[in-house]
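Naming convention: chains lettered A, B, ... in sequence-line order (proteins, then strands); numbering from 1 in each chain.
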2 protein chains.
Amino acid sequence: MANQLPQLDQVFAALADPTRRAIVMRLCAGEASVGELAEPFEMALPSFMKHIHVLEVSGLVQSEKSGRVRTCRLSPDALVGAEDWFQHQRAIWEARLDRFEAYVMKLKKERAAAKRLSKTTDKTTNKPSKRKGAE
Amino acid sequence: MANQLPQLDQVFAALADPTRRAIVMRLCAGEASVGELAEPFEMALPSFMKHIHVLEVSGLVQSEKSGRVRTCRLSPDALVGAEDWFQHQRAIWEARLDRFEAYVMKLKKERAAAKRLSKTTDKTTNKPSKRKGAE
DNA sequence: CTTATAGTTAGCTACATGGCTAACCAATTA
DNA sequence: TAATTGGTTAGCCATGTAGCTAACTATAAG
């Protein structure tokens, strides 16, 4: 489990801006020229180009110029890499929740057993459950 | 398709920093005090606290102070929200890929048909080069 | 009561980011 | 060849971010 590629820094930073997320969403539907991409935004072209550049540096977008028009396309690897990070965290989180739940269940049973013991009149099934550890 | 909740801005911005990602990863394994969280980092406490604050504003982390110790825990909703964004984009992307593949298949068949046809009629300039399909 | 612990507040610096205008190529098109 | 189109470069400005030190507050612990 080595440390995350620094790529993640750039990818998340790129996605932190609504303009850039919109560009990514647009490119999910297919490639487009800079002009086409810029058209919906009320922003000077040089400003818009900076966003494109940030996306390229992050690896989310590739572009290529032919003639005088630059065509941009999504390069999904970086996107998938970031998604993986989430899934990994969620896996750890859920494993923890499972352990926690198991722990709570164990507590419940122990408390129930203690209660039964204190009553001395009631006898019921006392089965030890699988314990998976606690925190 | 309304615009994304502004939450996403903060969540992605929060995750764009390796220190903060490390904190989130640590909190996936269970809650911890600020001191415990700060310990692995060679950073002055006030600097570290800023990171905690960014995480709280983003909704990724909640904290609560009792006595003189502040305990932090992950609040997974924001994390899940961001993960959803990825899955949504990927769904669109994959749908597009499917359409594209279908389109290429159709092209292939048409070209094969055209080739068969031209072989019987015209033998002069038949270019068998692979050309990239466009949209 | 005194001291140590755990954060917190205030205020500073340096650099990154997001926006702009103006001027500048380099391919098309007329 | 001249004009237009599609991007690009350069440079400016305001704001935001990440780090620091120093000084402060409030709860434990001795």
Exercise. Nearest to the side chain of V69(A), which nucleotide is it out of dG7(C), dG18(C), dG7(D)?
Worked result: dG7(D)
Exercise. Do D84(A) and H88(A) have side chains that get closer than 4.5 Å, going by heavy atoms?
Worked result: no
Exercise. Looking at residues 52-66 of chain B, who's got a heavy atom less than 4.0 Å off DNA chain D?
Worked result: none
Seminar exercise, completed: Residues pairing under side chain to side chain donor-acceptor pair (under 3.5 Å) where one sits in residues 34-52 of chain B, two or more places apart or in two chains, turn out to be R20(B)-H51(B)
Exercise. Do the side chains of D9(B) and D17(A) get nearer than 4.5 Å, heavy atoms only?
Worked result: no
For this session: Name every residue in residues 40-51 of chain B that has at least one heavy atom under 4.0 Å from any atom of DNA chain D, in order of residue number, or write none if there are no such residues.
Result: M43(B), A44(B), P46(B), S47(B), K50(B), H51(B)
For this session: State which residues pass side chain to side chain donor-acceptor pair (under 3.5 Å) with S63(B); sequence neighbours excluded, sorted by chain then number.
Result: E56(B), R70(B)
Please produce a list of atom pairs where a protein N or O lies less than 3.5 Å from an N or O of nucleotides 24-26 of chain C.
none

For this session: Rounded off to whole Å, could you give me the CG-to-P distance for the D9(A) and dT17(D) pair?
Result: 16 Å
Exercise. Got a donor-acceptor contact below 3.5 angstrom from the R73(B) side chain to the Q62(B) backbone?
Worked result: no
Problem set entry | Protein-nucleotide distance (E36(B), atom CD; dA6(C), atom P), rounded to Å | 10 Å
Problem set entry | With sequence neighbours excluded, residues passing salt bridge (charged side-chain N to carboxylate O under 4.0 Å, His left out) with R68(A) | none
For this session: Compare all side-chain heavy atoms of L15(B) with those of L60(B) and state whether any distance is below 4.5 angstrom.
Result: yes
Exercise. How are the rings of F12(B) and W85(B) set to each other: parallel, tilted or perpendicular (split at 30° and 60°)?
Worked result: perpendicular
Exercise. Hey, does L55(A) have a side-chain heavy atom less than 4.5 Å from the side chain of L27(A)?
Worked result: no
Exercise. At under 4.0 Å between heavy atoms, what does S33(A) touch on the DNA or RNA strands: base, sugar-phosphate, or nothing?
Worked result: sugar-phosphate
For this session: Decide whether a cation-pi geometry holds between R90(A) and W93(A); the criteria are a distance under 6.0 Å from NZ or CZ to the six-membered ring centre and an angle within 45° of the ring axis.
Result: no
